[in-house]
Colleague: 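Below is the structure I would like to discuss, written out as structure tokens.
This structure is a prediction, so every number in the text was calculated from the model and none was measured.
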Amino acid sequence: MMRNKTKEIQIGNVKIGAANPIAIQSMTNTKTEDAAATVAQIHALEKAGCEIIRCAVPTMEAAEAIKEIKKQIHIPLVADIHFDYRLAIAAVENGVDKIRINPGNVGNNQRIQAVVDCCKSHNVPIRVGVNSGSLEKNLVEKYGGVTAQGLVESALDKAALIESMGYDNLVISIKSSDVMMCIEAHEQIAKETDYPLHVGITESGTVYSGSIKSAVGLGNILYQGIGDTIRVSLTGDPVQEIYAAKMILKTLGLRKGGISVVSCPTCGRTQIDLISLAGQVEEMVKEFDLDIKVAVMGCAVNGPGEAREADIGIAGGIGEGLLIKKGEIVKKIPEAQLLEALRQELINWK
């Protein structure tokens, strides 16, 4: 697919926009003031594949904690700021790599200018964020409710305001929990600006429902070539956001690497505990940095054929299964040994 041409922005050691890969983001849910807990969570996110991390900065203590957090992590850190412009300035001075603000809730233009001047002096990008839940009253009245047009107008107005203050090192995000509104808004704004776009379905829900809503929304947006960074917003462990984001990008062909697992839905012919086995395989393959496909199949009808199309696969029988590698049956293995046999094959994969 052809991606939209956007401006390149440097966030710490990561470049977004232009022809750079779409970066995966998440947000910590620890208290940022607790630097140790926040660092521990960021390390887990780094291991899962997170490339940019955002932290809430609701207090001056949180802003000051950024200095210690930055020393111990390896990916760019974004400060999420609301209401108090002084927190944005403190976060920048303590070494944050980007700030996220909604200029509409940080005060008058004099305060916004102070934030812009600070970011400019430290060459720190600003992400202008607009959410459907905080759309300005005048735009709600103008469009007769919260609409895609209102979100786009709000974001472009805020970007223009910061440009008028002498700064254009910007990223834009427009988010809604309404999937179709989000898609429409991104289709519109992509025609109006060349700033990089951070894409996500906000407040999408639990790991189950949020992953589905995000896959539908982000899938539609990304398939049109729109988007330079993404976050899958889930109510749960943020590490799950990374796995969901990676799967969305891989499914669209926008990211390579990592093992892809395919498994059958099971039916009355299944003679092994395939549901449990497939879950264990999906968890186990996260250990391996291999760009291959693994099949976990339950019976002799489609199993062997599907497994042959994968790089390596398991096709179940009665309390046992076939190990199939590169289209050839390798051996028959008791059910209890299938997972470990597969693990050993992956350890020795060539």
Side-chain angles (χ1 to χ4, degrees), residues 24 26 29 41 44-45 47-50 204-216 219 232-251 255-350:
I24 296 175
S26 185
N29 58 16
Q41 188 170 76
L45 287 160
K47 184 178 179 181
C50 183
S204 60
T206 62
V207 172
Y208 171 73
S209 61
S211 294
I212 294 172
K213 288 172 67 175
S214 294
V216 172
V232 176
S233 300
L234 302 176
T235 305
D237 184 346
V239 167
Q240 296 300 323
E241 299 183 353
I242 307 305
Y243 295 144
K246 288 166 72 173
M247 181 60 70
I248 290 169
L249 291 176
K250 286 174 64 176
T251 302
R255 181 166 291 232
K256 302 295 183 183
I259 294 176
S260 175
V261 177
V262 295
S263 59
C264 74
T266 76
C267 69
R269 289 186 295 267
T270 306
Q271 299 294 321
I272 63 172
D273 184 6
L274 190 78
I275 294 174
S276 175
L277 180 61
Q280 292 176 73
V281 169
E282 190 167 59
E283 189 63 30
M284 182 263 288
V285 299
K286 294 174 183 175
E287 304 170 18
F288 300 93
D289 186 21
L290 298 171
D291 187 13
I292 61 174
K293 181 188 285 188
V294 173
V296 185
M297 298 296 154
C299 75
V301 175
N302 294 318
E306 293 286 351
R308 286 193 183 97
E309 291 182 9
D311 296 284
I312 189 167
I314 299 165
I318 302 176
E320 60 186 14
L322 298 175
L323 180 67
I324 301 171
K325 185 176 180 181
K326 298 181 178 178
E328 300 294 329
I329 295 175
V330 177
K331 55 185 172 181
K332 187 179 292 186
I333 303 169
E335 179 180 353
Q337 299 174 23
L338 281 170
L339 185 66
E340 184 56 32
L342 180 58
R343 184 196 301 274
Q344 291 303 315
E345 292 289 335
L346 295 177
I347 289 172
N348 299 306
W349 187 263
K350 293 181 180 179

Colleague: I'd like to check the side chain to side chain contact (heavy atoms under 4.5 Å, CB included) partners of I212; sequence neighbours left out, ordered by chain and number.
Modeller: Y208

Colleague: Kindly give the heavy-atom pair with the smallest separation between D311 and W349, and that separation in Å.
Modeller: O-CH2, 3.5 Å

Colleague: So, E241 side chain and L234 main chain: donor-acceptor pair closer than 3.5 Å or not?
Modeller: yes

Colleague: With sequence neighbours excluded, tell me which residues meet side chain to side chain donor-acceptor pair (under 3.5 Å) with K286.
Modeller: E283

Colleague: According to salt bridge (Lys or Arg N to Asp or Glu O under 4.0 Å), who are the partners of K293, at least two apart in sequence or on a separate chain?
Modeller: none

Colleague: Looking at residues at least two apart in the chain, or sitting in another chain, which of them share a side chain to side chain contact (heavy atoms under 4.5 Å, CB included) with E335?
Modeller: I272, D273

Colleague: Nearest 0.5 Å please: distance from the CG atom of L290 over to the CD1 atom of I259.
Modeller: 4.5 Å

Colleague: According to side chain to side chain contact (heavy atoms under 4.5 Å, CB included), who are the partners of Q280, at least two apart in sequence or on a separate chain?
Modeller: S276, L339

Colleague: For the NZ atom of K213 and the OG1 atom of T206, what is their distance to the nearest 0.5 Å?
Modeller: 9.5 Å

Colleague: Any side-chain heavy atom of V207 sitting closer than 4.5 Å to one from D237?
Modeller: no

Colleague: Tell me every residue that passes side chain to side chain contact (heavy atoms under 4.5 Å, CB included) with A48, counting only those two or more places apart in sequence or in another chain.
Modeller: V239, I242, Y243

Colleague: Would you find more than 12 non-hydrogen atoms of other residues, nucleotides or ligands less than 6.0 Å from N348 atom CG?
Modeller: yes

Colleague: Rounded to the nearest 0.5 Å, what separates atom CD in E345 from atom CD1 in I314?
Modeller: 10.0 Å

Colleague: What residues, two or more places apart in sequence or in another chain, satisfy salt bridge (Lys or Arg N to Asp or Glu O under 4.0 Å) together with K250?
Modeller: none

Colleague: What do the steps show when you test V281 against L338 for side-chain contact (heavy atoms from CB on, under 4.5 Å), and what is the final call?
Modeller: CA-CA 10 Å; V281 169; L338 281 170; over 6 Å; no

Colleague: Which heavy atom in I24 sits nearest to a heavy atom in A245, and how many Å separate them?
Modeller: CG2-CB, 3.8 Å

Colleague: Considering residues at least two apart in sequence or located in another chain, which fulfil the salt bridge (Lys or Arg N to Asp or Glu O under 4.0 Å) criterion with E340?
Modeller: R343

Colleague: Among residues at least two apart in sequence or on other chains, which ones pass side chain to side chain donor-acceptor pair (under 3.5 Å) with Q240?
Modeller: none

Colleague: Please tell me if the side chains of V261 and V296 come closer than 4.5 Å, counting only heavy atoms from C-beta onward.
Modeller: yes

Colleague: Of all the heavy-atom pairs spanning A310 and V294, show the shortest one and how long it is.
Modeller: CB-C, 4.3 Å

Colleague: Excluding sequence neighbours, so at least two apart, what forms side chain to side chain donor-acceptor pair (under 3.5 Å) with K246?
Modeller: none

Colleague: Who pairs with D291 by side chain to side chain donor-acceptor pair (under 3.5 Å), at least two apart in sequence or on another chain?
Modeller: none

Colleague: Please evaluate residues L342 and M284 with respect to the criterion side-chain contact (heavy atoms from CB on, under 4.5 Å), reporting the C-alpha separation (whole Å), side-chain torsions for both, the decisive distance (0.1 Å), and the verdict.
Modeller: CA-CA 10 Å; L342 180 58; M284 182 263 288; 4.1 Å; yes

Colleague: Could you go through the side-chain contact (heavy atoms from CB on, under 4.5 Å) check for I292 and L346 one step at a time?
Modeller: CA-CA 10 Å; I292 61 174; L346 295 177; 3.7 Å; yes

Colleague: Could you report the tightest heavy-atom contact between V232 and A244, atom names first, then the distance?
Modeller: CG1-CB, 4.0 Å

Colleague: Please name the pair of heavy atoms, one in V285 and one in E282, separated by the smallest distance, quoted to 0.1 Å.
Modeller: CG2-O, 3.3 Å

Colleague: Do I248 and R255 come close enough that some side-chain heavy atom pair is under 4.5 Å?
Modeller: no

